[in-house]
Amino acid sequence: MLSYWRQYLAISPFYLIFTVFSFGPVFYSLYLAFQRYDGLGTKQFVGLQQFEFLWNDPVFWLSIRNTLVIWVLSTVPTLFGALVLATLLHSVRRFKGFYRIALYVPNVTSIVAVAIFFGAVFSNDFGLVNAILGMVGIDPVPWLSDPWLIKVVIALLMTWMWTGYNMIIYLAGLQAIPQSVYEAARMDGAGPVRTFFQITIPIMRPIILFTVVISTINGLQSFSEPQVLFASNAANQNLGGPGQAGLTTLLYFYQSAFLDNDYGYGAAIVWAFFVLIIVLVAVNWRIVQRGRKP
C-alpha cells in the first residue's frame, strides 16, 4: 500500500478540501447545536436546551408542515409526469434529441431566474396568469397571498425545474428494457395503459426507487424558491410570504442563523430536519419496495 504513496498524494488535495470545507463543518454544526453562540462572543454549553426549545417552537412546526405540503405537491406530479413524458419520448421516432434538450433545459436554468419569472407570471396584480383569467371573465386569483396558493406556486416551480431531470433518468431505464417484452405483451392483447402499469412500472421499480429517494432529499430542501419568490433578505424579513405560508424549514434555519445570529439554534434546526429527512427517505424506500419479489 505504501508503494502507491505518489498516487495517494496526487488525489489528496480533493480529500483535504472536502474534509476542511464539507466534512468538518458537518460535525462542527453538531457541536454548535449544543451551544448558545451569536457568532462573535464566547460559546456557552446549554446541552439539550436548543432541542427542547425547538420542540415547543410553533414556527419550527409551521415550517415543517409547509415543507411537507410543498414536497408532496411537487414530488408526486414531478415523478408521475417524468415517467409519462419518458414513455412518450421513448416511442418518438423523429426529433428525439430536440425533445430531450427542450425538456431538460429547465433543470439547468438558474433557479433564481426561474423564481423571478414565476413571481412575475403569478403576480396578484400584473401576472400573466391573472391576465389570461381576466380575458375569460374570471376574477384575479391571489396566487402570492393565499396560504395554500403560495404552496401551489412553489410546488409548480419545483415541478418545472425537476421533471426533465427525472425524465432523462427514466428514459435511460426504458431504453434498457428489451423490445421483445413489449412485443410479447402486444401479442397477448395488452394495450398501452395495461403495458405501462403492468410491465413498464414493475421493471422500472429500482429506478423509480432511486428517483423517489433523490426527489425526497431535494424536495425537502426547498430554500431558494420561497426566498427569491418573496424577496427575503436582511432588510425584508417577511420570510415565506404573507402568514409565512411559504416558510420552509431551511428558510427558517437561514433566518435563525444568519438574520437572528443564533447559530446554535440554527444548527439544532438543521440536525432535527436531517433526522426527519432520513425517516421520510426510509418510509419512501419501504413503500416503493413493498410488493417487490425477493
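- Clustering of Ile, Leu, Val, Met, Phe, Trp and Tyr by side-chain heavy atoms under 4.5 Å joins Met135 with none of the others.
- For the residue pair Ala257 and Gly266, the shortest heavy atom distance occurs at CB-CA, 4.3 Å.
- Distance CH2/Trp162 to CG/Leu79: 11.5 Å, rounded to 0.5 Å.
- Contact record, Val20 with Pro25: O-CD, 3.3 Å, taken as the closest heavy-atom pair.
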Practice prompt. Could you please spell out the steps behind the side-chain contact (heavy atoms from CB on, under 4.5 Å) verdict for Leu156 and Phe122?
Written response: CA-CA 11 Å; Leu156 286 174; Phe122 289 96; 3.9 Å; yes
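- Judged purely by atom type and a 3.5 angstrom limit, Ser256 has no side-chain atom pairing as donor or acceptor with the backbone of Phe253.
- Arg194 meets the side chain to side chain donor-acceptor pair (under 3.5 Å) test with Gln198; sequence neighbours excluded.
- For residues 174-229, every residue pair satisfying the ring-ring contact (aromatic ring centres under 6.0 Å, His included) rule, not counting sequence neighbours, is listed here: Phe223-Tyr254.
- Residues Ser29 and Ala267 come closest through the heavy atom pair O-CB, 3.2 Å.
- Of the possible donor and acceptor atoms, one in the side chain of Trp61 sits under 3.5 Å from a partner among the backbone N and O of Trp55.
- Put simply, the side chain of Gln35 gets close to the backbone of Phe45: a donor and an acceptor are under 3.5 Å apart.
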Discussion item. For a side-chain contact (heavy atoms from CB on, under 4.5 Å) check, start with the C-alpha distance between Asp38 and Asp262, then their side-chain angles and the critical distance, and finish with the verdict.
Written reply: CA-CA 5 Å; Asp38 62 1; Asp262 193 348; over 6 Å; no
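- Taken together through direct or relayed side-chain contacts under 4.5 Å among Ile, Leu, Val, Met, Phe, Trp and Tyr, Ile138 and Val129 form part of one hydrophobic cluster.
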Worksheet item: Between Ile203 and Val181, does a side-chain contact (heavy atoms from CB on, under 4.5 Å) hold up when you go through it step by step?
Response: CA-CA 10 Å; Ile203 293 177; Val181 176; 4.2 Å; yes
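- Remark: side-chain polar atoms of Asn107 are not paired, donor with acceptor, to backbone N or O of Gly164 under 3.5 angstrom.
- Distance check, rounded to the nearest 0.5 Å: CG of Asn261 to CG of Leu40 gives 7.0 Å.
- Side-chain contact between Trp271 and Val26: present, with at least one pair of heavy atoms (C-beta onward) separated by less than 4.5 Å.
- Two residues are said to be in side-chain contact when any heavy atoms from C-beta on lie closer than 4.5 Å; Leu68 and Trp71 meet this criterion.
- In this structure, Phe118 CZ and Leu144 CG are separated by 11.5 Å, a value rounded to the nearest 0.5 Å.
- Legend: residues meeting side chain to side chain donor-acceptor pair (under 3.5 Å) with Thr87, ordered by chain and number and at least two apart, are absent.
- Other residues sharing the hydrophobic cluster of Phe126, ordered by chain and number and joined by side-chain separations under 4.5 Å: none, the residue standing alone.
- Ile217 and Ile208 fall within a single hydrophobic cluster, where Ile, Leu, Val, Met, Phe, Trp and Tyr side chains are chained together by heavy-atom contacts under 4.5 Å.
- Here the straight-line distance linking atom CH2 of Trp143 with atom CD1 of Ile150 works out to 12.0 Å at 0.5 Å rounding.
- With hydrogens and angles left out, the side-chain atoms of Asp57 and Tyr265 include a donor and acceptor closer than 3.5 Å.
- Identified under the side chain to side chain donor-acceptor pair (under 3.5 Å) test for residues 207-219, with sequence neighbours left out: Tyr170-Thr211, Thr216-Asn284.
- At distances below 3.5 Å, at least one donor-acceptor pair connects side-chain atoms of Asp146 with backbone N or O atoms of Trp148.
- Under a hydrophobic clustering in which Ile, Leu, Val, Met, Phe, Trp and Tyr are joined whenever their side-chain heavy atoms come within less than 4.5 Å, directly or via other members, Tyr104 and Ile101 fall into different clusters.
- Judged as a side chain to side chain donor-acceptor pair (under 3.5 Å), and not counting sequence neighbours, the contacts of Asn124 are Ser145.
- A distance-only check finds a donor-acceptor pair linking the side chain of Thr163 to the backbone of Thr159 [under 3.5 Å].
- In terms of modelled atom types and a separation under 3.5 Å, the side chain of Asn130 and the main chain of Val141 share a donor-acceptor contact.
- Note that CD1 of Ile169 is 9.5 Å distant from CE of Met204, once rounded to the nearest 0.5 Å.
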Item to complete: Go through the steps to decide whether Phe60 and Phe53 satisfy the test side-chain contact (heavy atoms from CB on, under 4.5 Å), and finish with yes or no.
Response: CA-CA 10 Å; Phe60 171 73; Phe53 182 82; over 6 Å; no
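- Phe80 is linked by a ring-ring contact (aromatic ring centres under 6.0 Å, His included) to nothing, counting only residues two or more places apart in sequence or in another chain.
- Counting all heavy atoms, side chain and backbone alike, Thr249 lies closest to Thr67 at N-OG1, 3.0 Å.
- Shown here are the side-chain contact (heavy atoms from CB on, under 4.5 Å) partners of Ser222, two or more places apart in sequence or in another chain: Met158, Glu225, Thr248.
- In the hydrophobic clustering, Phe23 connects to Phe18, Phe27, either directly or through intervening members, whenever side-chain heavy atoms lie under 4.5 Å apart.
- The distance from atom CD1 of Ile70 to atom CD1 of Ile154, rounded to the nearest 0.5 Å, is 4.0 Å.
- Under the ring-ring contact (aromatic ring centres under 6.0 Å, His included) criterion, Phe51 pairs with Phe34, not counting sequence neighbours.
- Ile116 and Val114 end up in the same hydrophobic cluster when Ile, Leu, Val, Met, Phe, Trp and Tyr side chains are linked at under 4.5 Å.
- Looking at Gln50 and Leu32, their side chains never come closer than 4.5 Å, going by heavy atoms from C-beta outward.
- Between the side chain of Asn66 and the backbone N or O of Leu247, at least one donor-acceptor pair lies under 3.5 Å.
- Residues Phe273 and Leu220 approach most closely at CZ-O, 2.9 Å, considering heavy atoms.
- Linking ILVMFWY residues whenever their side-chain heavy atoms come closer than 4.5 Å, directly or via other members, places Val193 and Leu174 in the same cluster.
- The two atoms that bring Trp160 and Pro106 nearest to each other are O-CB, 3.2 Å, heavy atoms only.
- In this structure Leu89 satisfies the side-chain contact (heavy atoms from CB on, under 4.5 Å) test together with Val92, Lys96, Tyr99, Arg100, Met167, Leu171, sequence neighbours excluded.
- Here the side chain of Lys151 pairs no donor or acceptor atom with the backbone of Val69 at under 3.5 angstrom.
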